[in-house]
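The first residue in the sequence is number 1, and the count goes up from there. Only a predicted model underlies this, so the values are computations on that prediction, with no experimental measurement involved.
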Amino acid sequence: MRLRIRLTRDGEEFIARLRPYHADVLHRALTCLRARRHGDTALVIQVGAGPEAVDALAARLAGEHPRSFDLRLSAAEVHLLHSALTAAPLMFLDGRDRLFSEERFHQETGSFREHFDSLALSLVEEVSEV
C-alpha cells in the first residue's frame with residue numbers, strides 16, 4: 001500500500017493525487033475530530049480552521065472512491081489535513097497516564113496510527129518539494 005500523497009502546484013493551490021485509501025483516512029481524521037465535541041475554539045486550535053471548513057473538506061472526501069482522483073486544495077486546506085492527521089491520535093489517550101490506545105484508535109478509524117503519520121509526513125515532504 002502506498003502511503004504517500006502526491007502534490008503538484010497550480011498557482012497558489014495544490015492538486016493532491018489521492019488513492020481511495022488516502023481519501024478514507026483523511027475523511028476519518030476530520031470526522032473523528034468533529035465527533036469529539038470539544039467545541040469550536042478547540043477545533044480551531046487543533047486544525048487551524050472552524051467547523052464549517054472542516055465539514056466542507058470532509059464532505060469533499062466522503063463517499064466511495066473506486067479509483068485515484070485529484071483534489072484541488074488551498075495551502076490552508078493542506079494545513080488542515082496535516083493537522084487533522086496529527087491531532088486525531090491525541091483523541092485516543094486513555095487512562096490516568098494518558099497513554100495512546102492503538103486498539104481503540106484502530107477500532108474507531110479503521111486504520112493504524114502509522115498510516116496517519118505517514119500521510120502527514122508525505123504532505124510536508126511534498127509541499128517542500130513543489
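- Both the sub-6.0 Å distance and the 45° axial angle are not jointly satisfied by Arg17 relative to the ring of Phe69.
- Residues Phe92 and Glu102 fail the side-chain proximity criterion, which asks for heavy atoms closer than 4.5 Å.
- Partner Phe14 forms a side chain to side chain contact (heavy atoms under 4.5 Å, CB included) with one of Val130, Thr8, Ile5 and no other, that one being Val130.
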- [ ] Take Phe116 and Phe105, measure what ring-ring contact (aromatic ring centres under 6.0 Å, His included) needs, and give me the verdict at the end.
- [x] CA-CA 11 Å; Phe116 276 55; Phe105 182 85; 4.9 Å; yes

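- Across every non-hydrogen atom of Leu7 and Leu123, the tightest pair is CD1-O, 4.1 Å.
- Take Gln46 and apply the side chain to side chain donor-acceptor pair (under 3.5 Å) test, not counting sequence neighbours, and it matches no residue.
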- Query: Hey, mind stepping through Arg98 and Asp94 against salt bridge (Lys or Arg N to Asp or Glu O under 4.0 Å) and telling me if it holds?
  - Reply: CA-CA 5 Å; Arg98 309 276 294 170; Asp94 289 337; over 6 Å; no

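- At a threshold of 4.5 Å between non-hydrogen side-chain atoms, the residues Leu26 and Leu18 count as touching.
- In this structure, the separation between OG on Ser83 and CG on Leu43 is 10.0 Å, given to the nearest 0.5 Å.
- Checked for salt-bridge contact, Arg6 and Glu126 meet the test: a charged N lies under 4.0 Å from a carboxylate O.
- At a threshold of 4.5 Å between non-hydrogen side-chain atoms, the residues Arg67 and Pro20 do not count as touching.
- Linking Ile, Leu, Val, Met, Phe, Trp and Tyr whenever their side-chain heavy atoms come within less than 4.5 Å puts Leu33 and Phe100 in one cluster.
- Cluster membership for Leu90 and Leu121, using ILVMFWY side-chain heavy atoms within less than 4.5 angstrom, is not shared.
- If you take CZ on Arg2 and OG on Ser68, they are separated by 10.5 Å, rounding to the nearest 0.5 Å.
- In this structure a side-chain-to-backbone donor-acceptor pair under 3.5 Å is missing from His106 to Glu103.
- Side-chain atoms of Leu3 and Tyr21, non-hydrogen and from C-beta on, do get closer than 4.5 Å to each other.
- In this structure, the side chains of His38 and Met91 come closer than 4.5 Å at one or more pairs of heavy atoms.
- Just one of Glu13, Arg60, His79 meets the side chain to side chain contact (heavy atoms under 4.5 Å, CB included) condition when paired with Leu73; it is Arg60.
- Summarising the geometry of His27 relative to Ala58, their closest heavy-atom pair is CD2-O, 3.0 Å, with the distance given to 0.1 Å.
- What you find for Leu80 and Ala49 is that their closest heavy atoms are CD1-CB, 3.5 Å.
- Between Glu77 and Arg72, the closest heavy-atom pair is OE1-O, 3.9 Å.
- Across all their heavy atoms, Asp40 and Pro51 have their closest contact at OD1-CG, 3.4 Å.
- By the neighbour-count criterion of 12 heavy atoms within 6.0 Å, atom CD of Glu12 is sparsely surrounded, having that number or fewer from other residues, nucleotides or ligands.
- The local environment of CD in Glu114 is crowded, with over 12 non-hydrogen atoms from other residues, nucleotides or ligands closer than 6.0 Å.
- Within 6.0 Å of CD on Glu129 lie more than 12 heavy atoms contributed by other residues, nucleotides or ligands.
- Of all non-hydrogen atoms in Ala120 and His82, the two that sit nearest each other are O-CD2, 3.2 Å.
- Residues Thr31 and Asp55 fail the side-chain proximity criterion, which asks for heavy atoms closer than 4.5 Å.
- By the rule that hydrophobic residues join a cluster once side-chain heavy atoms approach within less than 4.5 Å of another member, Leu85 and Leu93 end up as members of one cluster.
- At a threshold of 4.5 Å between non-hydrogen side-chain atoms, the residues Asp117 and Thr86 do not count as touching.
- Within the 4.5 Å cutoff, the side chain of Val25 has heavy atoms near those of the Leu119 side chain.
- Looking at Arg4 and Glu125, a side-chain N of the basic residue comes within less than 4.0 Å of a carboxylate O on the acidic one, giving a salt bridge.
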